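As C-alpha cells, the structure follows; a few thoughts come after it.
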2 protein chains.
Amino acid sequence: MADHKTKASAKTSSPSGGEEAYVPPALANLIGYYLRIAQEASFQAIRQGTGKSDLKPGWYTLLTILSENPGVTPTELSKLCGRDRSTLTSTLNGLDARGLIARRRKAGDQRSYGVKLTAAGEAMLRKLQVIARAHDERLDAIVGKDKPLLMTLLRRIVDELGNGYPPPPARGLGKTSRTR
Amino acid sequence: MADHKTKASAKTSSPSGGEEAYVPPALANLIGYYLRIAQEASFQAIRQGTGKSDLKPGWYTLLTILSENPGVTPTELSKLCGRDRSTLTSTLNGLDARGLIARRRKAGDQRSYGVKLTAAGEAMLRKLQVIARAHDERLDAIVGKDKPLLMTLLRRIVDELGNGYPPPPARGLGKTSRTR
DNA sequence: TATTGTTATACTCTATAACTATA
DNA sequence: TATAGTTATAGAGTATAACAATA
C-alpha cells in the first residue's frame with residue numbers, strides 16, 4: 001500500500017524525504033552509510049527538479065559524455081560510463097526515438113556506428129545542466145568553504161576503492177584493454 | 001551481452017570497478033556526481049565482501065534497526081528505514097524463511113505483529129557487522145584525519161536536503177479518494 | 001471509516017547469456 | 001574465431017493501488 005492520500009498525516013511526498021531521517025546509532029559513524037543516504041537525498045532532490053517531464057535524470061551523464069565525445073560507438077560509450085553494453089541499447093533507442101541522438105554507420109566497420117547528439121540533444125543537455133547546476137549550487141551552499149576538501153575526499157574514495165581491490169583474479173594477460 | 005569469458009580482455013569483474021573511472025570534465029566539479037560514484041564504489045566494494053554468500057548487503061540496515069528496536073511492527077519498521085511498507089513484506093518473508101527473525105502477533109491488535117531478531121538473526125547481523133566494519137575501516141584509512149569533517153558535511157547534506165524542500169504540495173485534507 | 005499487512009503490478013537499473021551480422 | 005550491437009531474461013530495489021481482516 002501507500003496511504004499517500006489517506007488523510008492529513010500527509011508526510012512530504014516520498015517516503016524517504018520528510019521528517020528527520022532516523023539513523024540507527026550503530027551506523028551513525030560509518031562513512032559508507034552516510035555516503036549512501038547523502039547520495040540518496042541528493043538524487044531524490046534532483047528527481048523533484050525533473051519531475052514528470054521527459055527529462056530523465058539518468059540521461060544527464062550519458063548526454064554529457066556524448067557531448068564531450070561525439071561519435072563514440074556504443075561499446076566505447078559503455079566503457080566510458082562503466083556499464084555493460086547491453087544496458088545501453090534501450091536507452092539509446094529512447095534517445096533516438098526522441099531525436100536527441102543520431103547514429104551514423106561507421107565507414108570501415110559495418111557492424112558498428114557512431115553516436116552523437118543532435119541539436120535537440122544538445123538542447124536537452126542544456127536543460128538538464130540547468131537543473132544539475134541548480135542542484136549542485138544548493139549542495140555548494142550546504143558544504144560551503146569545505147567543498148574542495150569534500151571533493152578531494154570523495155575523489156580519493158573513488159580512486160582507491162574503484163580499483164579492483166581484491167586484485168584482478170589474476171586471470172591471464174589482459175591484453176591491455178583500456179578504458180579509453 | 002557481456003563477454004566476460006570471451007577471451008583475455010579480462011577486466012576486473014564488474015564493469016564498474018576496474019581501471020580509473022573516466023569522469024566527464026563537465027561533471028568533475030559537481031558534488032552530486034562524486035557523491036554518486038563514491039557511493040557506487042563503496043557499495044561495490046561491500047558486495048565483494050559478501051559475494052555469493054547468503055549475506056545480502058541490503059539486509060544490514062534492516063537487521064541493525066531490528067536489533068536496536070526489537071518488536072517493531074512492519075509499518076514502524078518501514079518508517080524507520082524510510083521505505084514503503086509494501087517493500088518490506090518480501091524481505092521479511094525472506095528473513096523469516098531463513099529463521100533470522102520471529103514474528104509475534106500483537107496482543108492488543110490482531111492485525112499487526114512485532115518483529116524481532118532470533119539468535120540466528122543476531123549471529124547474521126554480527127557477520128555483516130564484521131564486513132561492514134572492515135569496509136569502513138578501509139574508508140577511514142582513505143579519508144584519514146578528515147573523517148570528522150567529512151561526516152559533518154555528509155550529515156549536513158542529508159539534513160538539509162532530506163526535508164521536503166518543495167514544501168508538501170499543500171494538498172488539502174484529501175481524505176476522500178481512498179484506495180477502494 | 002481507518003489502519004495493518006499483503007498482494008498485484010510496474011518501472012528503473014543493471015547484469016549475464018545467447019543471437020546476428022559482420023570482420 | 002572474435003567483435004559489435006541486440007535481444008531475451010533475470011533480479012534487485014522501490015513505488016502505487018487495491019484487497020481482506022481487523023479496529
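Residue numbers start from 1 in every chain, and the chains themselves are labelled A, B, ... in the order their sequence lines are given, proteins ahead of strands. Predicted, not measured: the structure shown is a model, and the values here were computed from it.
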query: Taking all non-hydrogen atoms of both residues, which atom of Lys147(A) and which atom of Asp136(A) are closest, and how far apart?
result: NZ-OD2, 4.2 Å

- request: Specify the separation, in whole Å, of atom CH2 of Trp59(A) and atom P of dC11(C).
  value: 15 Å

task: Would you please confirm or rule out a distance under 4.0 Å between OP1 or OP2 of dT6(C) and any side-chain N or O of Thr89(B)?
output: yes

query: Taking atom C1' of dT3(D) as reference, at what distance in whole Å does atom CG of Asp84(A) sit?
result: 14 Å

- prompt: Between dA15(C), dT14(D), dA4(D), which nucleotide gets closest to the side-chain atoms of Arg83(B)?
  reply: dT14(D)

Residue pair Thr61(A) / Tyr33(B), side-chain heavy-atom distance below 4.5 Å: yes

field: For atom CG of Leu62(A) and atom C1' of dT14(C), their distance in whole Å
entry: 14 Å

Glu40(A)/Arg36(A) ion pair, N-O < 4.0 Å: yes

- request: Using only side-chain N and O atoms of Tyr113(B), determine if any of them is under 4.0 Å from OP1 or OP2 of dT6(C).
  value: yes

- request: Check if the side chain of Ser86(B) and the base of dT14(D) share a donor-acceptor pair of N or O atoms closer than 3.5 Å.
  value: no

Sequence neighbours excluded and cut-off under 3.5 Å, please list the side-chain donor-acceptor pairs for residues 113-124 of chain A, or say none.
unit_1: Tyr113(A); atom_1: OH; unit_2: Arg103(A); atom_2: NE; d: 3.2
unit_1: Thr118(A); atom_1: OG1; unit_2: Gly99(A); atom_2: O; d: 2.6
unit_1: Thr118(A); atom_1: OG1; unit_2: Leu100(A); atom_2: O; d: 3.2
unit_1: Thr118(A); atom_1: OG1; unit_2: Ala120(A); atom_2: N; d: 3.3
unit_1: Thr118(A); atom_1: OG1; unit_2: Gly121(A); atom_2: N; d: 3.0

field: Presence of donor-acceptor pair under 3.5 Å, side chain of Arg85(A) and base of dA4(D)
entry: yes

- request: Please report, rounded to the nearest Å, how far the P atom of dT7(D) is from the CG atom of Asn93(A).
  value: 7 Å

query: To the nearest Å, how far apart are Leu92(B) CG and dT6(C) C1'?
result: 11 Å

message: Near DNA chain C, counting only heavy atoms under 4.0 Å, which residues of residues 102-112 of chain A show up?
response: Gly108(A), Asp109(A), Gln110(A), Arg111(A)

field: Pair Ser78(B)-Arg83(B), side-chain donor/acceptor within less than 3.5 Å
entry: no

- line: Closest non-hydrogen atoms of His135(B) and Ser42(B), given as atom of the first, atom of the second and distance, are NE2-OG, 2.9 Å

- prompt: Between atom CG in Leu95(A) and atom C1' in dG5(D), what is the gap in whole Å?
  reply: 16 Å

task: Send over the distance from Ile46(A) CD1 to dT12(C) C1', rounded to a whole Å.
output: 16 Å

query: Between dA12(D) atom C1' and Glu40(B) atom CD, what is the distance in whole Å?
result: 15 Å

- prompt: Around atom CZ of Arg105(A), are there more than 12 heavy atoms of other residues, nucleotides or ligands at under 6.0 Å?
  reply: yes

